Number of protein chains: 2
Amino acid sequence: MLKLTKKADYGLMAMKHLAEHVDREALSAKDIADAYGIPPQALAKILQRLMRAGLLESQCGIKGGYRLARDPHSISAYEVIQAIDGPLFITSCTTLRGECGQSLRCTVREPLRKVNQSIEEVLKRIRIAHMREEPEMVETKQLADYVMIS
Amino acid sequence: MLKLTKKADYGLMAMKHLAEHVDREALSAKDIADAYGIPPQALAKILQRLMRAGLLESQCGIKGGYRLARDPHSISAYEVIQAIDGPLFITSCTTLRGECGQSLRCTVREPLRKVNQSIEEVLKRIRIAHMREEPEMVETKQLADYVMIS
DNA sequence: GAAACTCGGACTGATTTGGTCGCATATTCA
DNA sequence: TGAATATGCGACCAAATCAGTCCGAGTTTC
Ligand code: FES
Ligand code: FES
């Protein structure tokens with residue numbers, strides 16, 4: 001149903017949290033989990049994935065924790081989501097080994113691939129350093145107008 | 001993982017198929033299902049949903065079947081998907097009966113709501129009559145730019 | 001060497017998805 | 001009239017995915 005997983009949500013929260021504390025020492029998984037009420041063990045595994053994807057640096061040991069591996073302005077939401085949930089395909093038939101039974105006859109695959117690309121673009125342009133809370137109805141309205149015109 | 005369900009895929013295929021045969025008589029669920037190798041019973045239920053959503057007109061009986069209720073140029077992919085899968089939320093905590101445990105502290109909900117809106121716009125711009133044509137990447141790119149700024 | 005971390009797989013229960021069945025209703029036509 | 005062929009709709013089931021836990025490692029600090 002075109003929904004982000006909880007893990008991706010947690011991951012984005014953690015990345016944003018780390019982006020706001022780049023100055024400090026490394027933060028442990030538990031620190032971040034406690035700050036948002038996330039199950040610590042669950043977040044730990046998510047951070048490990050982000051680490052393996054090269055988005056975080058980790059340090060073991062008693063004073064250890066995680067730190068952003070790159071400038072928060074250069075890390076996109078897309079990278080975070082992909083690192084956690086794997087490559088994102090909007091089409092349902094691309095799930096591992098071969099195609100679904102309709103792949104040869106499916107007439108909407110190509111159009112949807114383009115939609116997929118659009119969504120990727122949107123997510124790639126959102127940097128974790130820029131994720132803010134302002135709802136700003138005016139802008140979304142302008143966006144709607146823009147779409148109408150084009 | 002941000003994927004469309006198979007049902008939505010089937011629904012889009014069926015709608016596109018019907019859009020290409022507006023002239024003819026009503027097509028039965030089985031006709032369409034056979035044309036694409038879709039399980040007939042599954043497609044039948046999907047078409048019923050599209051019917052209830054007002055996107056299709058149905059006729060019972062031996063010469064019955066389905067027909068588009070509106071001009072195929074006016075029906076968006078978004079409408080089809082929503083009719084089948086229900087309202088689409090990119091955030092994971094909107095799943096019915098209250099919020100997830102993190103809703104109060106979640107810092108990425110609002111930013112993601114904007115992403116959600118962007119995706120909606122993209123899907124609303126795609127009409128089933130035009131699914132073969134290019135969704136115009138330039139515009140979606142500008143749209144993505146727009147989202148980033150806000 | 002103990003404490004506080006990360007690392008990573010295995011595991012379980014809950015939810016969602018994909019699909020089927022069965023029965024009721026409506027329409028055509030012989 | 002009544003058989004044939006449609007839709008209409010809920011219940012049902014199996015498989016996949018998701019969310020979260022557990023546990024047994026390794027690492028660093030003190
Ligand atoms: S994308 Fe696989 S059947 Fe349409
Ligand atoms: S959207 Fe619900 S926790 Fe972030």
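All chains are named by letter (A, B, ...) in the order of the sequence lines, taking the proteins before the strands, and each is independently numbered beginning at 1. Just so you know, these numbers come straight off a predicted model, no measurement behind them.
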If the condition is side chain to side chain donor-acceptor pair (under 3.5 Å), which residues does B/Ser58 pass it with, not counting sequence neighbours?
none
Testing D/dA19, C/dT6, C/dA4 for proximity to the side chain of A/Ser28, the answer is C/dT6
Side chain to side chain contact (heavy atoms under 4.5 Å, CB included) against B/Asp71, all qualifying residues, sequence neighbours excluded:
B/His73, B/Ser74
Within residues 51-60 of chain A, those residues having any heavy atom closer than 4.0 Å to DNA chain D are A/Gln59, A/Cys60
Whole angstroms only, please: what is the NZ-P distance between B/Lys6 and D/dT17?
12 Å
Here the pair of heavy atoms bringing B/Tyr78 nearest to B/Leu88 is CE1-CD2, 3.9 Å
What residues, two or more places apart in sequence or in another chain, satisfy side chain to side chain contact (heavy atoms under 4.5 Å, CB included) together with A/Lys30?
A/Ser28, A/Asp34
Indicate, with a heavy-atom threshold strictly under 4.0 Å, whether A/Lys7 touches base, sugar-phosphate, or nothing.
base
Measure CD1/B/Ile84 against P/C/dT16 and give the value in whole Å, please.
18 Å
Nearest to the side chain of A/Gln48, heavy atoms from C-beta on, is which of C/dC21, C/dC7, D/dT21?
C/dC7
Atom pair distance, as rounded to whole Å: CD1 in B/Ile32 and C1' in D/dA6:
13 Å
Output all residues satisfying side chain to side chain contact (heavy atoms under 4.5 Å, CB included) with A/Ala35, sequence neighbours left out; order by chain, then residue number.
A/His17
Quick one: is C/dG18 close enough that its OP1 or OP2 comes under 4.0 Å of any side-chain N or O from B/Tyr10?
no
Using whole Å, what does the distance between atom C1' of nucleotide D/dC12 and atom CD of B/Gln41 come to?
13 Å
Taking for B/Lys63 and for B/Asp85 the nucleotide of DNA chain C with the nearest heavy atom, the one nearer the 5' end belongs to B/Asp85
Please report the distance, rounded to the nearest Å, between CD1 in B/Ile62 and C1' in D/dT7.
13 Å
According to side chain to side chain donor-acceptor pair (under 3.5 Å), who are the partners of A/Glu57, at least two apart in sequence or on a separate chain?
none
Quick one: B/Ile46 CD1 to C/dT20 C1', roughly how many Å, whole number?
13 Å
If you only use heavy atoms from C-beta on, which nucleotide in D/dA19, C/dG18, D/dT21 is closest to the side chain of A/Ala42?
D/dT21
In whole angstroms, how far is the P atom of C/dC7 from the NZ atom of A/Lys30?
18 Å
So, using side chain to side chain contact (heavy atoms under 4.5 Å, CB included) as the criterion, who are the partners of B/Arg67 when residues are at least two apart?
B/Ala26
Of all heavy-atom pairs between B/Ile128 and B/Ala19, which one has the smallest distance, and what is that distance?
CD1-CB, 4.1 Å
Roughly how many Å is it from CD1 in A/Ile38 to P in D/dA19, rounded to a whole number?
12 Å
Does any residue of residues 64-71 of chain A have a heavy atom under 4.0 Å from DNA chain C, and if so, which ones, in number order?
A/Gly65, A/Tyr66
Where do A/Cys106 and A/Arg109 come nearest, in terms of heavy atoms and distance?
SG-N, 3.6 Å
Does B/Lys45 reach a base, just sugar-phosphate, or nothing at all? Heavy atoms under 4.0 Å.
base
Sugar-phosphate only, base, or nothing, as touched by B/Ala29 at under 4.0 Å among non-hydrogen atoms:
sugar-phosphate
Which pairs would a plain distance check flag for residues 40-55 of chain B, meaning a side-chain donor or acceptor within less than 3.5 Å of a matching protein atom at least two apart in sequence or in another chain?
| unit_1 | atom_1 | unit_2 | atom_2 | d |
| --- | --- | --- | --- | --- |
| B/Arg49 | NH1 | B/Ile84 | O | 2.4 |

